[in-house]
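Can you keep this structure in mind? I'll have questions shortly.
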Amino acid sequence: MAGPLRGRIRAPGDKSISHRSLILGALAAGRTTVSGLLEGADILATAEAMRAFGADIVRAGPGDWAVDGVGDRGLQTPADIVDCGNAGTGVRLIMGAASAYALCATFTGDESLRSRPMNRVLDPLRLMGVAAEAQAGGRLPCTLRSDGALTPIDYSPPKASAQVKSCLLLAGLGAAGRTTVRELHATRDHTETMLEAFGVPVERDGLSVTVTGPARLSATHIDVPGDPSSAAFAVVAALIVPGSDIVVDGIMLNPRRTALYDALIEMGGDIRFENERVVGGGERVANIRARASSLNGIAVDPARAADMIDEYPILAVAAAAAQGVTVMNGIHELRVKESDRIAATVALLRANGVTVEEREDGMSVTGGAVTGGGTVITHHDHRIAMSALVLGCIADAPVIIDDASMIATSYPDFLDHMQSLGAAIAEVTG
Ligand SMILES: O=C(O)C1=C[C@@H](OP(=O)(O)O)[C@@H](O)[C@H](O)C1
Ligand SMILES: C=C(OP(=O)(O)O)C(=O)O
């Protein structure tokens with residue numbers, strides 16, 4: 001087992017807000033400036049994509065970006081296939097935004113993204129009048145053709161998904177009239193909040209959200225807060241490695257994003273939110289202090305799943321270090337993320353001596369000794385890679401991952417940050 005984690009880091013900018021900054025900035029009239037942008041591969045792919053649609057996007061310095069949006073000119077047909085890399089958020093939101101204009105575009109992505117379901121956005125976009133041709137099962141590559149005069153819809157997605165909601169709201173900007181999305185459970189509301197910051201009125205009424213098109217966006221400035229999903233890795237590592245005491249600065253506390261922290265506190269985690277404040281853009285942030293704790297297993301409330309949807313792999317690692325059983329249910333959506341995250345998490349734990357039961361829509365982890373010594377297959381999934389490395393911090397023998405390259409999609413500084421805190425994570429060569 002590694003020694004304690006100590007010190008202070010600043011987690012990268014929020015991935016959801018970074019995608020939206022570039023996409024909304026590209027649509028707006030005028031120059032949008034962004035500070036604290038996540039410079040992960042997912043976001044760089046979104047920047048490239050929005051350039052292909054006609055926006056002028058430049059990096060002025062680390063995290064500082066300027067986006068000259070298309071405004072009344074509108075998005076244009078790209079000269080080539082648009083490659084969104086590994087990013088479900090990127091491709092689904094951009095498909096929505098592009099549909100609001102008269103254009104034709106073909107989208108693709110890496111092997112992981114090409115295996116993910118797109119019908120969840122293509123079906124409602126077709127209802128709005130978009131012609132969409134995809135591969136079998138609604139997979140990428142996919143070509144969209146729009147005449148830019150969409151029909152507004154009132155739509156209830158069968159699954160809770162901020163990506164589907166956001167796609168349709170962005171398409172709705174180009175549909176004359178009211179486009180309403182009615183959610184099953186509340187999901188992250190960054191698109192709504194940011195559309196308002198770009199001057200577009202958004203009606204929010206419980207679980208329904210409406211935009212009225214046609215709508216114009218005006219450029220603004222965005223301060224991207226720290227990503228609670230990325231901070232989770234160092235926080236969990238600090239909770240489970242004896243003697244640890246760390247601070248992660250500037251983390252967004254949006255309640256649609258912080259359910260992992262509630263769950264960890266319920267497990268007995270010593271987590272404190274220090275220096276709470278509101279940053280530009282209206283998001284509340286805090287510095288998160290996490291100290292080594294003895295954790296207990298819990299039954300995680302499935303009603304909160306959407307508020308911690310990306311955090312289950314790292315929660316499962318915390319559960320492996322807890323006393324007793326942690327039950328996670330109602331998370332079937334994990335099967336269609338960058339990898340099948342239920343199967344990948346179960347495999348990563350089992351390969352390292354942890355007892356875990358797999359179910360179609362969840363898993364139960366029994367805490368105890370972590371032998372380690374296993375090689376984890378990451379399946380092009382950054383969160384599986386980072387979770388496995390955090391598990392390694394409490395394992396008797398090293399945990400090895402087959403591929404660390406995907407970590408750069410959401411957290412390029414992960415290794416540096418973890419090493420600066422004293423975690424025994426290292427690249428092996430040969
Ligand atoms: O809207 C977003 O920025 C995101 C929504 C979530 O996906 P779903 O909408 O598919 O649940 C989440 O998993 C993803 O990492 C980011
Ligand atoms: C699911 C994720 O992202 P995306 O859907 O954008 O690929 C994630 O970052 O965990």
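Order of appearance sets the numbers: ligands from 1, and atoms from 1 within every ligand.
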The protein heavy atom nearest to atom 11 (O) of ligand 1 is Lys337 NZ, 3.1 Å
- Please say whether more than 12 non-hydrogen atoms of neighbouring residues, nucleotides or ligands are located less than 6.0 Å from CZ in Arg51. yes
Numbered in order shown, the ligand 1 atoms found under 4.0 Å of a heavy atom of Lys15 are 15 (O)
Could you check whether Tyr411 and His417 have their ring centres less than 6.0 Å apart? yes
Would you confirm whether His379, through its side chain, and Ser339, through its main-chain N or O, come within 3.5 Å as a donor-acceptor pair?
no
The side chain to side chain donor-acceptor pair (under 3.5 Å) partner of Ser364 among Glu358, Glu357, Arg359 is Arg359
Short N or O distance, Ser161 and ligand 1, threshold 3.5 Å exclusive | yes
Looking only at non-hydrogen atoms, the one of Gln163, Glu333, Lys165 nearest atom 6 (C) of ligand 1 is Gln163
*asked:* Arg92 versus ligand 1: do any nitrogen or oxygen atoms come within less than 3.5 Å of each other?
replied: no
Closest to atom 1 (O) of ligand 1 by heavy-atom distance, out of His19, Arg20, Arg341, is Arg20
Could you tell me whether the side chains of Arg256 and Thr187 share a donor-acceptor contact shorter than 3.5 Å?
no
At a 4.0 angstrom heavy-atom cut-off, ligand 2 is contacted by Lys15, Asn86, Ala87, Gly88, Thr89, Arg116, Gln163, Asp310, Lys337, Glu338, Arg341, His382, Arg383
